[in-house]
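Read the structure below first, then the notes.
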Amino acid sequence: MNTSSPIRVRFAPSPTGYLHIGGARTALYNYLFAKINGGSMVLRIEDTDRKRYVEDSEKQLIKDLKWLGISWDEGPDVGGKYSPYTQSERTKLHRNYAEKLVSIDKAYYCFCDKERLQSIRSKHKGYDGHCRDIDTNKALERVISGEEHTIRFRSPKQGTTTVDDLIRKNITVKNKQMEDFVLFKADGFPVYHLAAMVDDHLMGITHVIRGEEWLSSIAKHALIIRAFGWSEPIWCHLSVLTQPDGKGKMSKRDAKTKEPGNKHSIFINDLNNKGYHPEAITNWMALMGWSLDDKQEDFKLVDLEKVFNLDRINPSPAAVNFSKLDYFQGKHVRQMSNSEVASSVQPFLMKAGIVPDQEMLLSLVPLIKNRIVTFEDSVEWLSFFFTKEIQISPSEFINKKTTKEETLVILQKVQLTLEQLPTFDHEGIESELRLLAEKMNLKLGQLLNPVRLATSGQKVSPPLFETLEILGENLVHSRIEKAIKLLENI
RNA sequence: GCCCCCAUCGUCUAGGGGACCAGGACGUGGGCCUUUCAAGCCCAAGACCGGAGUUCGAAUCUCCGUGGGGGCACCA
């Protein structure tokens, strides 16, 4: 390829489903490579398979990529000088190029129907070459007369084809392995192999960074390019992402097995809906198959744009590790400002039917900031602040360490202490309750646990003194009162 | 079955012939801190797939096994 030309890469998904971490990571690497080299990124939609087309997937795909922070310079939504970027709008071009291959004898028309292909499949490894030697003029006549046909590539029957991959060095395939594969389908659409190569060439793509699933057809692609006499792009095949246990390709089925409470999913949109931050996801994805060194693991997208490098991509498959996503997510939340967290958390509270007061929410954020992983987690930490009635089962107050009577005494004394406070703030609450625990000869925890339960309805809550202050004098009093009555009536 | 790719702690990885009785991160176990839960800090356990070469010397290079993965469509 011509190294003096500006770097151009492309992300070319097919709209057959929603964006998952495999595709997103490929898009990310393309994006980063373009960025660091001052090159251009192209988004091309490869929709030549009409059967698997999913209506809203293109729209969703664009939305998901943008949410992640990945942008492109040319694409169906923004246009560009190599327009159109939707492959189905380029079929005429593809047809012309396929016919050009026929005219130089690198391809031929094939009239075999599905039934015949089906019947030879068991006997032959691939296509048996039935139409390979039909006289060109006769074939053309049949095509003109409207006979249904495909166009097949005339693969060399001997020798080898060697292709250079940036991270895997030379890959050599025996040509006799390659059947005369279809370039152009009978339905009037090109096959990926043809369409992608033609478009890559026409769009001036210099580096093809794509998934390992394409590695096995790389020789076909090289052969097509060489048949046209074009220069090859630099190939870079990324390894597949495997299931968390390392067994088998990560698949959509894994996403379906997710239980209701499971926040993990391979789909970007799900991760968004569950309250993950895009920066945590890009950091996580970048490290699946790439690393800078043995020192730095925390990367914002802008950092990656400065240090990403194709040479440091690891060719071996990577298992998806969701606990590391959670780690990056938690870390990211802690780095955010309180107001940023507040506004990130807000939509999830709203979804749970909570309309928080802004000032109150802002004061709650520091209490949960290092306790939540996803933004959605905030709901279970905070809902008791906003619901009027909390449900408590009296049995929860009694445990091995504390009897019903002891609990009652604690609650009553705490109630009394709080009533006498000059101002209901956490400093005052803390010093008085610490004093009370000392006087009652109790550990702080023993004193506080029943209060926590009575006021939050939960055994686990944000730090209690601050919680009580924000809950407010009235609510605290009434909840403790209610708990006392509950206990008395057992 | 055929073709192709890959191989370091459970997982992601550093490593490019001596700097490696193999370093970091997540996770796990333990401890500290502590009002619960977290966060934070500290400590620990934990890997070069096997066998032949090459070499004074191999996690690193070569070959053969083995294991894992991907692909074999008028899908992408």
Side-chain angles (χ1 to χ4, degrees), chain A residues 12-17 46-52 87 110 112-114 117-118 121 125-127 148-152 165 167-168 171-174 176-179 181-193 195-196 210-219 237 239-240 242 244-249 284 287-298 312 314-328 330-331 333-334 367-373 381 430 433-434 437 443-449 451-453 456 458-465 467:
Chain A
S14 63
T16 53
E46 309 217 322
D47 57 346
T48 53
D49 182 356
R50 300 159 309 148
K51 294 185 206 98
R52 295 198 304 159
Q87 214 159 49
C110 172
C112 296
D113 59 23
K114 286 236 166 72
L117 260 20
Q118 192 65 251
R121 194 151 296 157
K125 261 184 246 152
Y127 181 61
E148 193 161 272
H149 64 280
T150 62
I151 297 175
R152 284 182 185 274
D165 181 274
I167 58 176
R168 293 162 209 271
I171 295 159
T172 301
V173 180
K174 293 184 193 78
K176 65 176 182 194
Q177 269 317 125
M178 257 177 291
E179 62 166 320
F181 55 93
V182 171
L183 293 170
F184 207 90
K185 298 182 271 181
D187 67 358
F189 283 87
V191 150
Y192 171 88
H193 305 309
R210 56 176 4 180
E212 190 185 329
E213 63 270 26
W214 296 113
L215 201 57
S216 49
S217 42
I218 189 173
H237 288 86
S239 67
V240 285
T242 71
D245 59 4
K247 287 178 191 143
K249 192 180 176 180
W284 176 58
L287 261 17
M288 283 192 239
W290 174 88
S291 63
L292 210 220
D293 51 31
D294 60 345
K295 304 204 168 48
Q296 194 185 352
E297 281 213 314
D298 290 350
R312 296 198 56 86
N314 191 147
S316 56
V320 174
N321 183 186
F322 285 110
S323 58
K324 198 140 188 178
L325 202 215
D326 285 347
Y327 164 77
F328 283 125
K331 205 159 181 170
V333 170
R334 274 167 256 132
L367 305 189
I368 59 163
K369 209 168 163 180
N370 52 25
R371 277 164 249 264
I372 60 170
V373 174
W381 280 100
E430 173 161 8
L433 290 189
R434 278 187 189 277
K443 282 189 183 159
L444 228 211
Q446 284 178 284
L447 181 90
L448 259 28
N449 283 339
V451 182
R452 168 172 282 113
L453 225 200
S456 72
Q458 298 163 190
K459 287 206 168 95
V460 174
S461 81
L464 193 61
F465 305 126
T467 294

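Sequence lines set the chain letters: A, B, ... in the order given, protein chains first and strands last, and positions in each chain run from 1. Heavy atoms only: backbone and side chains are in, while hydrogens, waters and symmetry mates are out. Not measured: the values here are computed from a predicted model.
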- Message: Does A/W284 reach a base, just sugar-phosphate, or nothing at all? Heavy atoms under 4.0 Å.
- Response: nothing

- Task: Would you mind classifying the nucleic acid contact of A/K51 as base, sugar-phosphate or nothing, using non-hydrogen atoms under 4.0 angstrom?
- Result: sugar-phosphate

- Report which part of the nucleic acid A/P190 touches: base, sugar-phosphate, or nothing (heavy-atom distance under 4.0 Å, all strands). sugar-phosphate

- Query: Could you run down nucleotides 14-32 of chain B 5' to 3' and tag each one B, S or - for protein heavy-atom contact under 4.0 Å?
  - Reply: SS-------BBBSS-----

- When you check the phosphate oxygens OP1 and OP2 of B/rA76, does a side-chain N or O of A/T48 lie under 4.0 Å from one of them? yes

- Query: Between A/K331 and A/E297, is there a side-chain N and carboxylate O pair less than 4.0 Å apart?
  - Reply: no

- Message: Mind checking if A/E179 touches a base, just sugar-phosphate, or nothing, with heavy atoms under 4.0 Å?
- Response: sugar-phosphate

- Task: Would you indicate what A/L117 reaches in the nucleic acid, counting non-hydrogen atoms under 4.0 angstrom: base, sugar-phosphate, or nothing?
- Result: base

- Query: With sugar-phosphate meaning primed atoms plus P, OP1 and OP2, does A/F465 contact a base, only sugar-phosphate, or nothing at under 4.0 Å between heavy atoms?
  - Reply: base

- Query: Is A/R210 near enough to B/rA76 that one of its side-chain N or O atoms lies under 4.0 angstrom from OP1 or OP2?
  - Reply: no

- Could you state the interatomic distance from OG1 (A/T172) to CD (A/Q177), rounded to the nearest 0.5 Å? 13.0 Å

- State the pairing partner of B/rG65; accept Watson-Crick or G-U wobble contacts with both distances under 3.5 Å, and report none otherwise. B/rC49

- Answer yes or no: does a side-chain N or O of A/R121 lie under 4.0 Å from OP1 or OP2 of B/rC74? yes

- Query: Using a cut-off of 4.0 Å on non-hydrogen atoms, how would the nucleic acid contact of A/G330 be classed: base, sugar-phosphate, or nothing?
  - Reply: nothing

- Calculate, to the nearest 0.5 Å, the distance between atoms CG and CG belonging to A/L117 and A/D113 respectively. 7.5 Å

- Task: Carefully, step by step, assess A/W284 and A/Y327 under the rule ring-ring contact (aromatic ring centres under 6.0 Å, His included).
- Result: CA-CA 9 Å; A/W284 176 58; A/Y327 164 77; over 10 Å; no

- Item | Position toward the 5' end of RNA chain B (nearest nucleotide), A/V173 or A/V320 | A/V173

- According to a strict under-4.0 Å criterion, is A/R52 in side-chain N/O contact with OP1 or OP2 of B/rA76? no

- Task: Using a heavy-atom cut-off of under 4.0 Å over every strand shown, decide if A/S461 touches base, sugar-phosphate, or nothing.
- Result: base

- Message: Quick check: on RNA chain B, is the nucleotide nearest A/V182 upstream (toward 5') of the one nearest A/P462, or the reverse? Name the residue that is more 5'.
- Response: A/P462

- If you look at every strand shown and take non-hydrogen atoms under 4.0 Å, does A/R452 touch a base, only sugar-phosphate, or nothing? base

- Query: Touch check for A/L287, heavy atoms < 4.0 angstrom, all strands: base, sugar-phosphate only, or nothing?
  - Reply: sugar-phosphate

- Task: Determine the contact category for A/C110: base if any of its heavy atoms lies under 4.0 Å from a base atom, sugar-phosphate if only primed atoms, P, OP1 or OP2 are that close, otherwise nothing.
- Result: nothing

- Note on the structure: Any strand, both distances under 3.5 Å, Watson-Crick or G-U wobble: B/rA25 pairs with B/rU11

- Searching all strands shown, indicate the nucleotide that pairs with B/rU35 (Watson-Crick or G-U wobble; both distances under 3.5 Å). none

- Query: Which part of the nucleic acid does A/P463 contact within heavy-atom distance under 4.0 Å: base, sugar-phosphate only, or nothing?
  - Reply: base

- Report yes if at least one side-chain N or O of A/K185 is closer than 4.0 Å to OP1 or OP2 of B/rA76; otherwise report no. yes

- Using 30° and 60° as the class limits, which term best fits the ring planes of A/Y192 and A/W214: parallel, tilted or perpendicular? parallel

- Assign A/A319 to base, sugar-phosphate, or nothing according to its heavy-atom contacts below 4.0 angstrom with the strands shown. sugar-phosphate

- Quick one: CD1 on A/I171 to CD1 on A/I218, what's the gap to the nearest 0.5 Å? 5.0 Å

- Query: With A/L464, which of A/V451, A/L444, A/N449, A/L433 fulfils side-chain contact (heavy atoms from CB on, under 4.5 Å)?
  - Reply: A/V451

- Message: Classify A/T242 by what it touches in the nucleic acid, base, sugar-phosphate, or nothing, heavy-atom distance under 4.0 Å.
- Response: nothing

